[in-house]
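To find a chain, count down the sequence lines: A is the first, B the second, and so on, and within it residues start at 1. None of these values were measured; they are calculated from a predicted model.
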2 protein chains.
Amino acid sequence: MGNRSRTTSKTSLLTIEAIRDLEGATLSEISDHTGIPVSTLHTHLRTLREMEYVVREGDVYQLGMKLFHLGEQARWRDERYQIVKERAWNLSNRVGEEVSFAIKENDRMVILFDETTTPSDEGFQVGRYFDLHSSACGKATLAELPESRVDGFVDRYGLPAHTDNTITDRDALHEELETIRKRGYAVNAQEELEGLRAVAIAIEEPDGSVFGTLDISGPPYRLPEDEVVAERLRSTVADVEAALEDYEQG
Amino acid sequence: MGNRSRTTSKTSLLTIEAIRDLEGATLSEISDHTGIPVSTLHTHLRTLREMEYVVREGDVYQLGMKLFHLGEQARWRDERYQIVKERAWNLSNRVGEEVSFAIKENDRMVILFDETTTPSDEGFQVGRYFDLHSSACGKATLAELPESRVDGFVDRYGLPAHTDNTITDRDALHEELETIRKRGYAVNAQEELEGLRAVAIAIEEPDGSVFGTLDISGPPYRLPEDEVVAERLRSTVADVEAALEDYEQG
DNA sequence: ATATTGTTTTCCAATATGGGAAACAGATCG
DNA sequence: CGATCTGTTTCCCATATTGGAAAACAATAT
């Protein structure tokens, strides 16, 4: 089991995440997956159920909508995200491509929203985590950070490969980031997911730090030249940055 | 503060909810709000932070995107919700009104999504909880339940008033539910929120239980006659029910 | 009917762990 | 420079948490 201080709360939280991993599971399945004895789990699940973080459908435990409720609050915890959303929507409608907004939290990127013209495939990325080194949004963010922080990040997590195209070499990463800084946009050439290409640009706050990233993504065959895509993003990013500046004033 | 068994996990979860209530807060603010001593809170927040359920911005604790991540999983835990979403989107586009889908979980309604034509005011209800007796979706759901369960619900929670129009009397509620069953749709005449009118119809599963509810909502002056709105909903609901039936087969 | 197997739930004792007062450490401020 | 805010850490005792084991429950099979 654990190595460091196993707080009781952590066990509850791990239980939640086990249910997420298994996309719903029975008591014994959760026990198998986590190694936590069923009797212990049972009491934790009682609490989680009482607090509505988990529900039971028959004998299957599922994540409760309390999590969704709280998640929505988290998603909009910075009201400036709404500013971005409106402009992302406009952009998406203008160019007919999928536009996503992501932020970095704890060394991973999270997609906060995702504007498309067709609602069908909308949002399959929303709420997903992406690695910093293998996503357009992540690389766009990294490119804005000092080398030392990039190195620190590599030291901690390494550069796990997700496809054949993933950058797995530290020097290659530094080169890539340099290229991104030069040309002003990051490209994900199917480094995270086979068949998904994306172009991303970082949005800067008035103080120069990275606020988040906008990207346009899709299957490679459908996207225009990177430079064309980047140009489309650029104007929206500039627009958002101006709006953030305005917001700052009052 | 506590009266019943205060489990450790529960304290952590209450901490999360305190941060939600306060929309971000410092250690001492959370302590004031919950009555939990700062020293205790401190350790809980450490765990919550480690597990990414909470983040710190300066000295303000905020809900972490882990919650959003998990919340999205909860939101789509039943893949049939996607079926509803597509059709709600179509309806919204056809009639130019706001269409929402809600489900009942633990004696409250939760809005799962909300399709609008303009993205600006979209989603301000998403993830919100609504009481069963004071919302269109809630009343539409109650109307499908046996009287005994309705009474049980009233016994447990009472009928708290949210506006002057809220139904606060048990008999009046039963009458209202009877009306809903007769005419086939529920109306929220600003019973939950001043200035918000809504018409809702329950979606039934093939087995007859309530799957969720669709509603059309807006400021009273903008909505057509209830009967007209209901008619628009009816066809989509029938459509969804047919699709659920198909899904059942394979 | 009665085993058989797989659950989940309850019980309980031992002990690891969390609670919270108090001491400590930085800030910020008058 | 003390005073007064914060947040952080320490530490000890009471007790909440654990998890084995057994009991209840369910679903098949014999």
Side-chain angles (χ1 to χ4, degrees), chain A residues 1-64 66 74 77 105-106 207, chain B residues 1-64 66 77 105-106 207 209:
Chain A
M1 189 69 358
N3 28 10
R4 30 184 52 219
S5 73
R6 269 277 268 13
T7 77
T8 303
S9 305
K10 199 187 252 183
T11 305
S12 279
L13 300 179
L14 288 173
T15 304
I16 291 176
E17 298 184 26
I19 296 174
R20 193 222 53 165
D21 290 344
L22 301 166
E23 305 185 37
T26 67
L27 181 61
S28 44
E29 284 170 345
I30 300 172
S31 176
D32 290 347
H33 188 257
T34 57
I36 303 167
V38 287
S39 56
T40 304
L41 271 179
H42 186 258
T43 54
H44 280 271
L45 284 166
R46 181 201 296 285
T47 314
L48 289 171
R49 221 137 65 91
E50 190 188 333
M51 299 295 284
E52 306 189 32
Y53 287 71
V54 162
V55 292
R56 243 177 100 154
E57 299 182 330
D59 54 357
V60 173
Y61 289 97
Q62 290 279 5
L63 299 184
K66 172 69 76 59
R77 69 183 182 210
E105 185 167 295
N106 298 320
D207 72 0
Chain B
M1 191 61 5
N3 28 8
R4 32 184 52 217
S5 72
R6 273 274 267 7
T7 78
T8 303
S9 305
K10 200 187 255 185
T11 305
S12 278
L13 301 179
L14 288 173
T15 304
I16 291 176
E17 299 184 26
I19 296 174
R20 193 221 51 168
D21 290 344
L22 301 166
E23 304 184 36
T26 67
L27 181 62
S28 46
E29 284 169 345
I30 300 171
S31 176
D32 290 347
H33 187 256
T34 57
I36 304 167
V38 287
S39 57
T40 304
L41 272 178
H42 185 259
T43 55
H44 281 272
L45 285 166
R46 182 200 297 284
T47 311
L48 288 171
R49 221 137 64 90
E50 190 189 331
M51 299 294 284
E52 308 190 32
Y53 287 71
V54 162
V55 292
R56 246 178 96 155
E57 299 182 331
D59 55 357
V60 173
Y61 290 97
Q62 289 280 7
L63 298 184
K66 173 68 79 55
R77 70 183 182 209
E105 184 168 295
N106 297 321
D207 72 0
S209 63

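In this structure a side-chain-to-backbone donor-acceptor pair under 3.5 Å is present from B:Thr15 to B:Thr11. Distance alone, capped at 3.5 Å, places no donor-acceptor pair between the B:Arg49 side chain and the B:Arg56 backbone. Looking only at distances, no side-chain donor or acceptor of B:Lys10 sits under 3.5 Å from a matching main-chain atom of A:Thr47.
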Which letters describe nucleotides 5-10 of chain D, given B = protein heavy atom under 4.0 Å from base, S = only from sugar-phosphate, - = neither? -SSBB-
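Nearest heavy-atom pair across A:Arg77 and B:Gly64 is NH1-CA, 3.8 Å. A:Ala18 approaches A:His33 most closely through the heavy-atom pair CB-ND1, 3.8 Å.
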With side chain to side chain contact (heavy atoms under 4.5 Å, CB included) as the test, would you mind laying out the steps for B:Ile30 and B:Leu45 before giving the verdict? CA-CA 10 Å; B:Ile30 300 171; B:Leu45 285 166; 4.2 Å; yes
Apply side chain to side chain contact (heavy atoms under 4.5 Å, CB included) to the pair A:Leu14 and B:Met51, showing each step before the final yes or no. CA-CA 9 Å; A:Leu14 288 173; B:Met51 299 294 284; 3.6 Å; yes
One pair to check against side chain to side chain donor-acceptor pair (under 3.5 Å): B:Thr8 and A:Thr8. What are the steps and the verdict? CA-CA 6 Å; B:Thr8 303; A:Thr8 303; 4.5 Å; no
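For C:dG18, neither phosphate oxygen OP1 nor OP2 lies less than 4.0 angstrom from any side-chain nitrogen or oxygen of B:His44. For the OP1/OP2 pair of D:dT18 and a distance below 4.0 Å, the side-chain nitrogens and oxygens of A:Thr8 include at least one atom meeting the criterion.
With rounding to whole Å, B:Leu41 atom CG is found 10 Å from C:dG20 atom P. Atom CD1 in B:Ile36 sits roughly 8 Å away from atom P in C:dG20 (whole-Å rounding). Atom P of nucleotide D:dA16 and atom NZ of A:Lys10 are separated by 23 Å, given to the nearest angstrom. A:Leu14 places its CG atom 11 Å from the P atom of D:dT18, with the value rounded to the nearest Å. As rounded to whole Å, 12 Å separates atom P of D:dT18 from atom CG of A:Leu45.
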Could I get a table of every N or O pair under 3.5 Å where one atom is in the protein and the other is in nucleotides 22-28 of chain D?
none

